[in-house]
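All values reported here derive from a predicted model rather than from experimental measurement. Lettering of chains follows the sequences in order, A, B, ..., and the numbering in each one begins at 1.
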Number of protein chains: 2
Amino acid sequence: MPPTKPRQDREEKRSELVDAARRLFIEDGYDATSMAALARAAGVAANTIYWYFDDKDDVLIAVLDAVLADALADYGSLVGQPLQDQLLWTVQQLQQTRRLVTTVHARIGRSEALNAWHDAFHASTEALLRGQLEQRIDPATIDAEVKIAVFTVEGLLTHELEPHEQRVICEQLAARWPTR
Amino acid sequence: MPPTKPRQDREEKRSELVDAARRLFIEDGYDATSMAALARAAGVAANTIYWYFDDKDDVLIAVLDAVLADALADYGSLVGQPLQDQLLWTVQQLQQTRRLVTTVHARIGRSEALNAWHDAFHASTEALLRGQLEQRIDPATIDAEVKIAVFTVEGLLTHELEPHEQRVICEQLAARWPTR
DNA sequence: ACCTGAACACCGTTCAAGT
DNA sequence: ACCTGAACACCGTTCAAGT
């Protein structure tokens, strides 16, 4: 028996579970998706999931990582675009994950692992945005500007506005960042 | 038997339940507070709660109304203050309700009544802020500015920053609203 | 009108037992 | 190593029965 082959199978099976969870969490929501329903969709017994994940929050973290990886892969096409377009693209790209964003915020107090994921996510996205704003605006205000932008994007994600409203808000947000 | 007396008692009992729920929802969180625990705190059987409320979300709405009424009662002391101070005061006033805010967002998709409450809340707070910004900034951008401000306040409420960071962000947010 | 004990259908998770 | 049936402790909610 080769020692590497089972490892490979394990990762395959795990990602099948993540794919099923991703679809159900996004379509029906995290709370509305029972472990039993997830197991049914993946064709296993409910308790089998616990061989691959610590608990339901651990499944959620795996789904978040998968969604984020896809979003980052698509992000490459955006370099050099105006910042307001990048913001709007981000909002529309993550629009389908609306329910996931609110679920993360609601479960931060109940799952230490999810809390850590959320902190890391904010740290990396805020670093990305700070890099874009550097040498454009006053360094003394950059941290506050980054937070305002991130909170606004989160608000746009969680409040389901019309595309036109989203665009106007992104434009207005970027209006105070002079290009040079 | 007087027909009005029972009415009075009913409202009293109901507000006792709301008081208990308010304390538990804020201290332990909505999900972590079971109907059994709430009933125990109020000294009734679990199913008695359903004589006063439709369901658990209906209890949440009553708690939200109570919190909001108290906040509005205290708001009077703020009239005439600079807008950035009003924003910071709002954030700190509602800081204790951090978990409630995320719970509302997470449960919007599951409770039609809560969704309606959330829509009404946004409508009234945004109208309030719009009134403050009128004749100060370009009418074409006022709706976007209001949304940015509301989303930033929500972000401040749900992300537990240090008071110093909160103040800087409120100042930076108000920096684009010229006084006249 | 108000309150309750008991039950219902579910939930996430654990465990002993299999292969 | 991987998977399962059965059980566990809990959940929000309902219902028949009391006063």
Select one nucleotide: of [options], the one nearest the side-chain heavy atoms of [X].
X	options	value
B/M35	D/dG12, D/dC3, C/dC2	D/dG12
B/R10	C/dC3, C/dC2, D/dT4	C/dC2
A/Y50	C/dG12, D/dT4, C/dT4	C/dG12
B/S34	C/dG12, D/dC11, C/dC3	D/dC11
A/D55	D/dT4, C/dT13, D/dG12	C/dT13
A/Y52	C/dT13, C/dA1, D/dC2	D/dC2

For this session: State, with a plain yes or no, whether a side-chain heavy atom of B/F121 is found less than 4.5 Å away from one of B/D65.
Result: no
For this session: Quick one: look up who C/dA1 pairs with, Watson-Crick or G-U, both distances under 3.5 Å, and put none if it's unpaired.
Result: D/dT19
Exercise. Which nucleotide, in any strand shown, forms a Watson-Crick or G-U wobble pair with C/dC11, with both distances under 3.5 Å?
Worked result: none
Round to a whole Å and report the spacing from [atom1] of [X] to [atom2] of [N].
X	N	atom1	atom2	value
A/Y30	C/dC11	OH	P	13 Å
B/R14	C/dC2	CZ	P	12 Å
B/D31	D/dC11	CG	P	11 Å
B/D54	D/dT13	CG	C1'	12 Å
B/F53	D/dT14	CZ	C1'	18 Å
B/R40	D/dC11	CZ	C1'	13 Å
B/E11	C/dC2	CD	C1'	14 Å
B/I49	D/dT14	CD1	C1'	14 Å

Problem set entry | ILVMFWY cluster, B/L173 and B/V101 together (side-chain gap under 4.5 Å) | yes
For this session: Could you check whether the rings of A/H118 and B/H159 sit parallel, tilted or perpendicular, using 30° and 60° as the cut-offs?
Result: parallel
Exercise. Has A/W51 got a side-chain N or O lying under 4.0 Å from the OP1 or OP2 atom of D/dC3?
Worked result: no
Exercise. Looking at B/K56, does any N or O in its side chain come under 4.0 Å of the phosphate oxygens OP1/OP2 on D/dC11?
Worked result: no
Exercise. Hey, do the aromatic rings of A/Y30 and A/F25 have their centres closer than 6.0 Å?
Worked result: yes
For this session: Determine, step by step, whether A/Q93 and A/Y75 satisfy the side-chain hydrogen bond (donor to acceptor under 3.5 Å, both in side chains) criterion, reporting the C-alpha distance in whole Å, the side-chain angles of both residues, the deciding distance to 0.1 Å, and the verdict.
Result: CA-CA 10 Å; A/Q93 174 87 359; A/Y75 179 71; over 6 Å; no
